[in-house]
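Note sheet for the following structure.
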Amino acid sequence: MIKPDFATNKPYFYGCDRKNPEAACPPLPAGTVWLRTEPRADAPLVKDIGKHPTGDSLYSVYDHSARASTGQRYAVADRQGDWTAIWYLGQKAWFHNPAAAPTAVPSMGLVVTPKPGKATVPVYGRAYPEQEAYPEGIPYQAVTPLQYTFSAGEKYTLAGPAATEYYRAVTFNLEDHQVVRGRTKYLEIQFGHRVMFVKADDVQVTFSG
């Protein structure tokens with residue numbers, strides 16, 4: 001679990017000054033750690049192809065593409081010296097985590113990984129019902145995988161089961177509102193800085209600690 005010392009953790013950001021948005025922010029405490037492609041301080045930030053399809057993650061105070069924050073839980077992917085790697089958006093993401101001043105603490109819990117035989121499984125941004133669950137008059141809301149990959153060998157922490165529902169509300173009249181509930185079972189996972197969903201049939205759940 002990410003848990004830097006708030007008082008002493010003062011990562012670099014820019015973008016605090018609206019009149020000079022490229023200027024560095026004053027060094028202030030934050031609950032964030034930067035995530036890098038390699039275990040070294042000058043390595044590039046990891047990429048978020050959803051946020052920046054063709055570009056790099058930014059050190060902007062408004063950009064969460066390559067950050068992990070206090071309280072978020074991730075599966076450890078690797079360790080090297082004072083650096084720890086977590087699984088993050090389909091890649092190893094490294095952050096500085098020295099034993100003398102740790103920025104994360106051990107955390108036990110459930111993780112998900114692709115079932116044996118599955119090279120990759122889709123990741124979704126919403127846990128909507130299957131098409132057969134929609135009654136006549138309510139248009140089907142397509143369930144389309146996101147652009148991220150979740151490959152064999154990777155692990156992500158499990159938040160729990162997700163309600164497979166679509167709330168149809170296109171007027172202000174509450175009597176017109178309807179809830180569509182499906183049979184497909186989804187699981188909510190910490191997949192980056194945000195939570196996402198996988199189908200329960202695609203993954204296996206194991207204990208990590």
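At least one side-chain heavy atom of Pro135 sits under 4.5 Å from a side-chain heavy atom of Val180. Residues Arg67 and Phe13 meet the side-chain proximity criterion, which asks for heavy atoms closer than 4.5 Å. In this structure, Ile189 and Phe150 have side chains that are in contact, with non-hydrogen atoms separated by less than 4.5 Å. Under the 4.5 Å side-chain criterion, counting only non-hydrogen atoms from C-beta, Asp56 is in contact with Lys47. You'll find the side chain of Gln141 reaches within 4.5 Å of the side chain of Tyr134, heavy atoms only. Thr70 is listed as a side-chain neighbour of Pro4, based on a closest heavy-atom distance under 4.5 Å. You'll find the side chain of Lys10 reaches within 4.5 Å of the side chain of Pro29, heavy atoms only. Looking only at side-chain heavy atoms (C-beta outward), Asp202 and Lys115 stay at 4.5 Å or farther from each other.
Dense packing is recorded around OH of Tyr167, with more than 12 heavy atoms of other residues, nucleotides or ligands lying under 6.0 Å away.
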request  = Give the intermediate values and the outcome of side-chain contact (heavy atoms from CB on, under 4.5 Å) for residues Val205 and Leu187.
outcome  = CA-CA 10 Å; Val205 179; Leu187 299 175; 4.0 Å; yes

inquiry  = side-chain contact (heavy atoms from CB on, under 4.5 Å) for Leu89 and Met196? Distances and angles first, verdict last.
reply    = CA-CA 10 Å; Leu89 299 177; Met196 300 182 192; 4.0 Å; yes

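Considering NZ of Lys118 and CD of Gln204, their distance stands at 11.5 Å, rounded to 0.5 Å. Atoms CE and OG1, from Met1 and Thr157 in turn, are 11.5 Å apart once rounded to the nearest 0.5 Å. Note: Asp176 CG to Gln178 CD = 8.0 Å, rounded to the nearest 0.5 Å. Note that OG of Ser60 and CD of Glu22 are 8.5 Å apart. Values are rounded to the nearest 0.5 Å. Remark: Arg194 CZ to Lys51 NZ distance equals 8.0 Å, nearest 0.5 Å. For the atom pair CZ of Phe197 and CZ of Arg126, the computed distance is 11.0 Å after rounding to the nearest 0.5 Å.
With hydrogens and angles ignored, the 3.5 Å screen pairs a side-chain donor or acceptor of Tyr186 with a backbone N or O of Tyr128. In this structure, His177 contributes its side chain and Thr171 its backbone to a donor-acceptor pair below 3.5 Å. Side-chain atoms of Thr103 come within 3.5 Å of backbone N or O of His96 as a donor-acceptor pair. Here the side chain of Gln190 pairs a donor or acceptor atom with the backbone of Gly192 at under 3.5 angstrom.
Minimum interatomic distance between Asp82 and Ala99 (heavy atoms only, all atoms of both residues): OD1-N, 4.4 Å. When all heavy atoms of Thr149 and Phe191 are compared, the closest pair comes out as O-CZ, 3.4 Å. Summarising the geometry of Ser107 relative to Arg73, their closest heavy-atom pair is OG-NE, 2.9 Å, with the distance given to 0.1 Å. Nearest heavy atoms, Tyr124 versus Lys199: OH-CE, 3.6 Å. A pairwise comparison of heavy atoms in Arg36 and Arg40 identifies CD-O, 3.3 Å as the closest pair. Taking all atoms of both residues into account, the shortest heavy-atom contact from Lys92 to Trp87 is CG-CZ3, 3.8 Å.
Trp34 and Val46 end up in different hydrophobic clusters when Ile, Leu, Val, Met, Phe, Trp and Tyr side chains are linked at under 4.5 Å. Linking Ile, Leu, Val, Met, Phe, Trp and Tyr whenever their side-chain heavy atoms come within less than 4.5 Å leaves Val105 and Ile2 in two separate clusters. In the hydrophobic cluster analysis, where Ile, Leu, Val, Met, Phe, Trp and Tyr join through side-chain heavy atoms closer than 4.5 angstrom, Met108 is grouped together with Leu110. Under the 4.5 Å side-chain heavy-atom criterion for Ile, Leu, Val, Met, Phe, Trp and Tyr, Val203 and Tyr74 are members of the same hydrophobic cluster. Follow the hydrophobic side-chain contacts under 4.5 Å out from Leu158 and you never reach Val76; the two are in separate clusters.
Judged purely by distance below 3.5 Å, without hydrogens or angles, the side chains of Thr184 and Glu130 pair a donor atom with an acceptor atom. Looking only at atom types and distance, the side chain of Glu154 has a donor-acceptor partner in the side chain of Tyr156 under 3.5 Å away. Checking Asp48 against Tyr148 by side-chain atom types alone, a donor-acceptor pair falls below 3.5 Å. For Ser57 and His52, the side-chain atoms include no donor-acceptor pair closer than 3.5 Å.
Every residue two or more places apart in sequence or in another chain that forms a side-chain hydrogen bond (donor to acceptor under 3.5 Å, both in side chains) with Thr84 is listed here: Asn97.
Tyr14 has its ring centre no less than 6.0 Å from the ring centre of Tyr59.
Sequence neighbours left out, not one pair with a member in residues 157-209 passes disulfide (SG to SG under 2.5 Å).
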